[in-house]
Amino acid sequence: MAVFVVTWNLNNEGGNYAAARAKFIKQLDAYDYKMTGKLDTVAWLSSDMDAEDISKHLNKAQDKGDTLFVSELNDDEYNGRLTDEIWDWIEERL
């Protein structure tokens with residue numbers, strides 16, 4: 001299994017942002033993933049799929065104007081300021 005960082009932006013949703021976000025989060029439910037409220041449009045997920053396949057799957061819950069970025073984390077090649085809960089989740093899966 002690999003760990004990926006996923007970030008997205010749901011554009012042009014107008015008053016339907018909450019429904020569009022719920023639809024996208026439901027699509028994430030197919031994976032073992034973790035989110036933090038401080039980064040509202042970022043998730044870390046664990047999968048045996050590759051970034052392209054994850055992207056294709058998540059795109060099904062997006063409109064054409066939305067954006068998505070999926071990248072695999074490499075062991076010891078990531079850094080940042082996150083909660084211990086997120087770091088522990090990542091490290092347990094790498």
Side-chain angles (χ1 to χ4, degrees):
M1 295 284 246
V3 174
F4 298 83
V5 61
V6 177
T7 186
W8 64 92
N9 193 356
L10 305 176
N11 298 308
N12 303 320
E13 302 302 334
N16 295 325
Y17 179 80
R21 178 171 164 56
K23 179 181 176 183
F24 187 81
I25 298 301
K26 185 175 181 179
Q27 198 76 350
L28 280 173
D29 286 342
Y31 305 96
D32 174 19
Y33 75 97
K34 192 77 168 166
M35 293 179 66
T36 176
K38 296 180 187 249
L39 295 170
D40 191 47
T41 62
V42 176
W44 292 268
L45 66 85
S46 180
S47 177
D48 57 0
M49 296 169 65
D50 63 19
E52 182 178 1
D53 289 336
I54 292 168
S55 181
K56 286 178 183 177
H57 177 254
L58 294 176
N59 273 320
K60 294 176 183 176
Q62 292 191 300
D63 294 333
K64 289 182 182 180
D66 297 339
T67 58
L68 176 69
F69 177 77
V70 179
S71 181
E72 184 175 350
L73 297 181
N74 294 314
D75 200 19
D76 295 327
E77 294 184 14
Y78 56 89
N79 203 321
R81 190 164 58 181
L82 302 170
T83 65
D84 289 342
E85 179 183 5
I86 297 294
W87 286 126
D88 291 346
W89 187 93
I90 290 169
E91 290 170 4
E92 288 171 5
R93 286 158 179 81
L94 280 179

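Values below: all heavy atoms of this structure, side chains included; hydrogens, waters and symmetry mates excluded.
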Could you check whether any side-chain heavy atom of [X] comes within less than 4.5 Å of a side-chain heavy atom of [Y], counting everything from C-beta outward?
X: L39; Y: L82; value: yes
X: F4; Y: M49; value: no
X: D66; Y: F24; value: no
X: Q62; Y: L58; value: no
X: Y31; Y: V6; value: no
X: Y78; Y: L94; value: yes
X: T41; Y: N9; value: no

Rounded at 0.5 Å granularity, tell me how far [atom1] in [X] sits from [atom2] in [Y].
X: T7; Y: W44; atom1: OG1; atom2: CH2; value: 9.0 Å
X: N59; Y: W8; atom1: CG; atom2: CH2; value: 13.0 Å
X: K34; Y: T83; atom1: NZ; atom2: OG1; value: 8.0 Å
X: D53; Y: D48; atom1: CG; atom2: CG; value: 10.0 Å

Which atoms form the tightest heavy-atom contact between [X] and [Y], and what is the distance?
X: H57; Y: A30; result: CE1-CB, 3.7 Å
X: G65; Y: N11; result: O-ND2, 2.6 Å
X: Y33; Y: L28; result: CD2-O, 3.2 Å
X: M1; Y: S47; result: SD-C, 3.5 Å
X: K60; Y: Q27; result: CB-NE2, 3.6 Å
X: M35; Y: I86; result: O-CD1, 4.0 Å

TODO: Give the intermediate values and the outcome of side chain to side chain contact (heavy atoms under 4.5 Å, CB included) for residues Y17 and L10.
DONE: CA-CA 7 Å; Y17 179 80; L10 305 176; 3.9 Å; yes
Task: In one Ile/Leu/Val/Met/Phe/Trp/Tyr side-chain cluster, 4.5 Å: V42, W87 - done: yes
TODO: Decide if atom CG of D76 counts as having more than 12 heavy atoms of other residues, nucleotides or ligands within a radius under 6.0 Å.
DONE: no
Task: Positive for side-chain contact (heavy atoms from CB on, under 4.5 Å) with L45, one of I54, V5, V70 - done: I54
